[in-house]
Amino acid sequence: MATIIDLRSDTVTKPTDEMREAMLRAEVGDDVYGEDPTVTQIQEMAAEMLGKEAALFVTSGTQGNQVAIAAQAGRGEEIIAEAESHIFYYEAGAVAAIAGAQLRQLPGTRGSLLPESVEAAVRPLDIHQPPTRLICLENTHNRAGGAILPLAHLQGVAKVAERYGISVHMDGARLFNAAVALGIPIREIAQYADTVQVCLSKGLAAPIGSIVAGSTKFIEEARVWRKRLGGGMRQAGVIAAPGMIALQTMVERLAVDHENAKRLANGLKNLPGLRVDVESVETNIVLVQVEEHFPISAEELIRKLAALGVRVSQFGAQTIRMVTHKDVLEEDIEDVIERVTNCLGAISP
């Protein structure tokens with residue numbers, strides 16, 4: 001049987017041996033009482049990296065986003081977000097269910113919002129309209145194929161927010177990918193948001209956890225919301241420890257994932273029935289369009305590839321997503337290209 005190559009997401013990564021050892025040896029305490037030294041250490045480390053006053057360790061990116069949102073916007077208030085953002089598509093309606101706020105979706109360009117569009121969407125003071133309390137940005141942008149938000153757009157949105165007294169939250173689940181691709185410290189991107197969430201369990205390969213960062217006052221409120229959402233963990237150092245290893249050892253290697261994504265895109269772009277925009281591959285996500293005239297749908301192609309040991313995910317009626325990560329090597333990329341080529345050859349009329 002062919003070796004399984006899993007390109008569904010970078011969430012499928014397995015922790016390294018060093019991470020497993022760190023879990024075994026972690027010094028722990030009761031984190032709800034603020035007594036887990038390992039959790040305290042990762043929070044301080046992450047806050048420093050992101051250029052924020054304080055940080056909070058949470059169970060997941062979704063919990064991190066929702067804690068941040070609830071701490072900054074509430075019932076009857078409005079949040080501006082890009083139309084295909086993760087907080088709208090993939091967080092189970094949590095903005096409405098938890099914060100009681102409403103989302104105002106704005107169409108973006110490759111996931112990025114123009115500052116002038118954001119400014120036009122800010123509500124005037126009017127009893128008939130909900131006040132605008134928060135702007136949410138996603139960087140890199142998942143549904144835009146791992147696109148990096150231009151720094152000029154981030155800076156412009158930040159200025160709009162400051163002008164109107166509105167906070168900015170950045171869903172930076174893959175923000176380290178953006179920083180590595182741009183060749184700049186992550187704090188240089190995070191500076192344009194009041195609060196930021198970063199995942200440890202995607203490209204950084206930790207088994208669990210995310211970080212939320214911002215001002216000390218914000219983190220105090222976020223801690224309350226984490227508790228409300230059942231995220232008050234006890235001896236959490238055992239899961240924070242691999243997160244620290246991730247921050248220390250797994251950031252720079254993201255460049256390898258980006259190279260492999262480009263290699264994959266180039267290998268697939270000329271295959272019959274597929275379209276790949278190689279220039280749009282900026283980080284570790286490759287979106288593959290199955291042409292409408294092709295004999296089978298994207299869903300059927302995904303099933304056939306799975307039978308050949310290549311796992312990918314559906315991202316639309318005719319779109320397939322492939323995500324590179326630390327457990328996919330350069331030789332795996334060549335293997336995937338060969339298997340896809342053989343699969344298409346057996347299908348093509």
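What's counted below: heavy atoms across the whole structure, side chains too, no hydrogens, waters or symmetry copies.
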Given Ile69 and Trp225, is the side-chain contact (heavy atoms from CB on, under 4.5 Å) satisfied, shown in steps? CA-CA 10 Å; Ile69 289 169; Trp225 275 103; over 6 Å; no
Which heavy atom of [X] sits nearest to which heavy atom of [Y], and what is that distance?
X: Ala206; Y: Ala246; answer: CB-CB, 4.1 Å
X: Gly76; Y: Pro131; answer: O-CD, 3.6 Å
X: Ala265; Y: Val276; answer: CB-CG1, 3.7 Å
X: Ala255; Y: Val180; answer: N-CG1, 3.7 Å
X: Ala94; Y: Gln66; answer: CB-CD, 3.3 Å
X: Ala317; Y: Gln314; answer: O-NE2, 3.6 Å

When you measure from the side chain of [X] to the backbone N and O of [Y], does any donor-acceptor pair fall under 3.5 Å?
X: Asp171; Y: Cys136; value: no
X: Thr140; Y: Ile148; value: no
X: Lys326; Y: Gly203; value: no
X: Ser297; Y: Glu300; value: yes
X: Gln63; Y: Val58; value: no
X: Asp194; Y: Ser167; value: no
X: Arg133; Y: Gln72; value: no
X: Thr249; Y: Ile245; value: yes
X: Glu82; Y: Gly108; value: yes
X: Gln105; Y: Ala83; value: yes

Just checking, any donor-acceptor pair under 3.5 angstrom between side chains of [X] and [Y]?
X: Ser112; Y: His153; value: yes
X: His128; Y: Asp126; value: yes
X: Arg263; Y: Asn260; value: yes

Counting C-beta onward and ignoring hydrogens, is there a side-chain heavy-atom pair between [X] and [Y] closer than 4.5 Å?
X: Ile186; Y: Val198; answer: yes
X: His169; Y: Ile87; answer: no
X: Asp6; Y: Asp327; answer: no
X: Arg226; Y: Val212; answer: no
X: Arg321; Y: Arg143; answer: no
X: Gln102; Y: Pro130; answer: yes
X: Pro207; Y: Pro242; answer: yes
X: Leu274; Y: Phe294; answer: no

Which residue, Thr341, Asn342, Asp335, forms the side chain to side chain donor-acceptor pair (under 3.5 Å) with Arg339? Asp335
Between Arg174 and the options Asn139, Asp10, Thr283, the side chain to side chain donor-acceptor pair (under 3.5 Å) test singles out Asp10
Is [Y] paired with [X] through a side-chain N to carboxylate O contact shorter than 4.0 Å?
X: Glu53; Y: Lys217; result: no
X: Glu299; Y: Arg303; result: yes
X: Lys202; Y: Asp257; result: no

When rounded to the nearest 0.5 angstrom, what is the spacing between [atom1] in [X] and [atom2] in [Y]?
X: Met170; Y: Asn65; atom1: CE; atom2: CG; result: 11.5 Å
X: Thr62; Y: Tyr90; atom1: OG1; atom2: OH; result: 11.5 Å
X: Cys343; Y: Leu305; atom1: SG; atom2: CG; result: 4.5 Å
X: Ile79; Y: Leu134; atom1: CD1; atom2: CG; result: 5.5 Å
X: Ile285; Y: Asn142; atom1: CD1; atom2: CG; result: 4.5 Å
X: Leu113; Y: Leu154; atom1: CG; atom2: CG; result: 10.0 Å

With sequence neighbours left out, write down each residue that passes ring pair (Phe, Tyr, Trp, His ring centres under 6.0 Å) with Tyr164, or none if nothing qualifies. none
Hphob cluster co-occupancy, [X] + [Y], side-chain heavy atoms under 4.5 angstrom:
X: Ile189; Y: Val251; value: yes
X: Ile135; Y: Leu103; value: no
X: Met19; Y: Val238; value: yes
X: Phe88; Y: Val67; value: no
X: Val12; Y: Ile5; value: no

Test side-chain contact (heavy atoms from CB on, under 4.5 Å) applied to Leu204 and Leu254, step by step: CA-CA 8 Å; Leu204 301 188; Leu254 291 172; 4.0 Å; yes
Glu292, CD: over 12 other non-hydrogen atoms inside 6.0 angstrom: no
Above 12 or not: heavy atoms from other molecules or residues under 6.0 Å from CD of Glu188? yes
Take Asn284 and His325, measure what side chain to side chain donor-acceptor pair (under 3.5 Å) needs, and give me the verdict at the end. CA-CA 7 Å; Asn284 68 323; His325 50 80; over 6 Å; no
With side chain to side chain donor-acceptor pair (under 3.5 Å) as the test, would you mind laying out the steps for Gln318 and Gln289 before giving the verdict? CA-CA 6 Å; Gln318 293 299 115; Gln289 305 296 325; over 6 Å; no
Check side chain to side chain donor-acceptor pair (under 3.5 Å) between Arg163 and all other residues, then give those that pass, not counting sequence neighbours. Glu119
By the rule that ILVMFWY residues connect when side-chain heavy atoms come within less than 4.5 angstrom, directly or transitively, which residues belong alongside Leu114? none
With side-chain contact (heavy atoms from CB on, under 4.5 Å) as the test, would you mind laying out the steps for Lys52 and Phe218 before giving the verdict? CA-CA 11 Å; Lys52 302 301 182 186; Phe218 160 76; over 6 Å; no
For Thr40 and Gln43: C-alpha separation, side-chain torsions, deciding distance, then whether side chain to side chain donor-acceptor pair (under 3.5 Å) applies. CA-CA 5 Å; Thr40 298; Gln43 289 173 167; 4.9 Å; no
Mind running side-chain contact (heavy atoms from CB on, under 4.5 Å) on His141 and Leu149 for me, showing each step along the way? CA-CA 8 Å; His141 195 287; Leu149 272 56; 4.3 Å; yes
